Amino acid sequence: MVKTLMLILTTVLTAADVPLVDAAAQLKSGVYYITQSWSQETAFKRPYYVNVPDSTDQQKFPIFIFLHGNGGNAKDAMNGFMKRHPTMASRYVMVFPNGYKASWNIVSERSRADDLGFIEAIVKELSTYNNIQNDNFSVMGNSNGAALVNQVAIESKLPNLRNYVTAVSPLNVYQHDGQNFKAKGTDNNYQAVAMPMTGKRLMNISGTTDELVPYHGGPSKHIPAKSGKLGFVDAEESIFLWAKQMGYDGEKLSKPSRIDRNLAIFSYLNGDVIHYKVIDEGHGASRAISEKILLGFLEGNERENHND
């Protein structure tokens, strides 16, 4: 117990590596660091890459954080995502954290780092700059990165975070046991019941033919867990659980709110909680979501298209 407590304190006390800034400081493009210590490392500098749009006035930008998948890295994610989303790159400060050992610590990954603390330290640091909308942070992840987005949404109490987007990873069975959301804990045993903050907006994207993360739930064929393979919640059930947590008191949708080509869209709370079922797509299903759709969600335009 004492050893665990000291590890937590070390992580908290060393989280903010970038010095505090005064109120007039402008966030600039570049690489920044958060220092953390945990079982695998001591005083380890973890990088995150920042791209700030060009601006000639006192414009304040919203923040968009993207978390790469397992085996990926921040630099490649930054290059690919910004190339595919040029309009977003001109409107948002784009942030790309780097996962330790090319992974995010959820259940049985290579990393044992405090990734929730890492993301929260980034949010706290960036919110101190005066060219930032400090109440308008969005975080999106792909696959293993999306699993971390779910965990941040479950556990974080930061008011700055507004939108969560999970690509090809609905809740896993550790994060929600059928009755309650669960906090990860320092040993990844997910014992403590968690109460996610309300008032948040969530989008999930999942493919019906995904062989890595099964659309209808159950164990993955490939992703390891503590015993056997990692189990997942059915994608439509997962978004319904989030909708209920955010205040929806109706029945679970049995059919899509609307269909757009190969997208079956399940919308709750006027589009504030929304699931894109990508027909006949696998683990690359996020490619079916255009920049226009993603921007529409982040900026609240989905509300104009729904009466649910």
Side-chain angles (χ1 to χ4, degrees), residues 49-55 59-69 72 76-96 132-133 135-143 145-146 149-150 153 161-170 200-210 215 235-236 238-239 242-243 246 253 255-308:
Y49 298 83
V50 174
N51 183 80
V52 180
D54 293 333
S55 177
Q59 183 176 0
K60 291 180 179 287
F61 294 102
I63 296 271
F64 181 85
I65 301 172
F66 183 83
L67 307 179
H68 61 76
D76 289 346
M78 183 176 192
N79 291 336
F81 193 91
M82 289 182 59
K83 185 179 295 184
R84 295 189 301 272
H85 300 81
T87 303
M88 286 184 63
S90 70
R91 294 186 193 177
Y92 286 74
V93 168
M94 309 290 278
V95 179
F96 298 85
I132 297 304
Q133 296 177 16
D135 64 344
N136 192 0
F137 281 68
S138 301
V139 57
M140 176 179 181
N142 186 65
S143 192
V149 173
N150 278 326
L161 292 162
R162 178 182 295 185
N163 302 308
Y164 295 97
V165 182
T166 57
V168 296
S169 186
K200 306 301 182 180
R201 306 178 65 249
L202 296 105
M203 172 196 280
N204 170 260
I205 307 148
S206 293
T208 60
T209 59
D210 193 331
Y215 183 84
E236 292 170 33
S238 177
I239 204 68
W242 277 120
M246 296 305 145
L253 295 176
K255 60 181 181 179
S257 307
R258 69 184 193 278
I259 295 177
D260 181 6
R261 299 183 300 278
N262 68 328
L263 300 176
I265 303 155
F266 295 76
S267 174
Y268 295 92
L269 298 172
N270 296 322
D272 280 347
V273 179
I274 192 164
H275 167 58
Y276 283 84
K277 177 180 183 178
V278 188
I279 309 299
D280 294 330
E281 283 288 347
H283 205 59
S286 62
R287 293 191 296 264
I289 303 303
S290 67
E291 182 180 41
K292 180 179 179 181
I293 289 174
L294 182 55
L295 269 173
F297 172 74
L298 296 176
E299 299 178 355
N301 298 336
E302 276 290 338
R303 297 178 186 180
E304 301 172 3
N305 300 323
H306 299 276
N307 295 312
D308 50 315

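Just so you know, these numbers come straight off a predicted model, no measurement behind them.
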Open item on the list: I need the single residue from N163, V165, V149 that forms a side chain to side chain contact (heavy atoms under 4.5 Å, CB included) with M140. Which is it?
Closed with: V165
Output yes when a side-chain donor or acceptor of [X] lies under 3.5 Å from a complementary backbone atom of [Y], and no otherwise.
X: S169; Y: A146; answer: no
X: E281; Y: G207; answer: no
X: T208; Y: D280; answer: yes

Quick check for you: to the nearest 0.5 Å, what is the distance between [X] atom [atom1] and [Y] atom [atom2]?
X: T87; Y: Y92; atom1: OG1; atom2: OH; result: 11.0 Å
X: F297; Y: I205; atom1: CZ; atom2: CD1; result: 9.5 Å
X: L298; Y: M203; atom1: CG; atom2: CE; result: 7.0 Å
X: D272; Y: R201; atom1: CG; atom2: CZ; result: 4.5 Å
X: I65; Y: S138; atom1: CD1; atom2: OG; result: 8.5 Å

Which pair of heavy atoms, one from [X] and one from [Y], lies closest together, and at what distance?
X: M94; Y: M88; value: SD-O, 4.0 Å
X: N150; Y: T166; value: OD1-CG2, 3.4 Å
X: G72; Y: H68; value: O-CE1, 3.3 Å
X: F61; Y: S90; value: CE2-O, 4.3 Å

Open item on the list: On the six-membered ring of F137, is R162 placed so that its NZ or CZ lies under 6.0 angstrom from the centre and within 45° of the ring axis?
Closed with: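 No, R162 and F137 do not form such a contact.
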TODO: Flag the pair K277 and E236 as a salt bridge only when some basic side-chain nitrogen lies within less than 4.0 angstrom of an acidic carboxylate oxygen.
DONE: yes
- [ ] In sequence, state the C-alpha distance, the side-chain angles, and the governing distance for F96 and L67, and then conclude on side-chain contact (heavy atoms from CB on, under 4.5 Å).
- [x] CA-CA 6 Å; F96 298 85; L67 307 179; over 6 Å; no
Open item on the list: As a quick check of understanding, evaluate ring pair (Phe, Tyr, Trp, His ring centres under 6.0 Å) for H275 and Y215, giving each step before the final call.
Closed with: CA-CA 12 Å; H275 167 58; Y215 183 84; 5.7 Å; yes
Task: Verdict with supporting geometry, M246 and L202, side-chain contact (heavy atoms from CB on, under 4.5 Å) - done: CA-CA 9 Å; M246 296 305 145; L202 296 105; 3.9 Å; yes
Task: ring pair (Phe, Tyr, Trp, His ring centres under 6.0 Å) between F66 and F81, intermediate numbers included - done: CA-CA 9 Å; F66 183 83; F81 193 91; 4.8 Å; yes
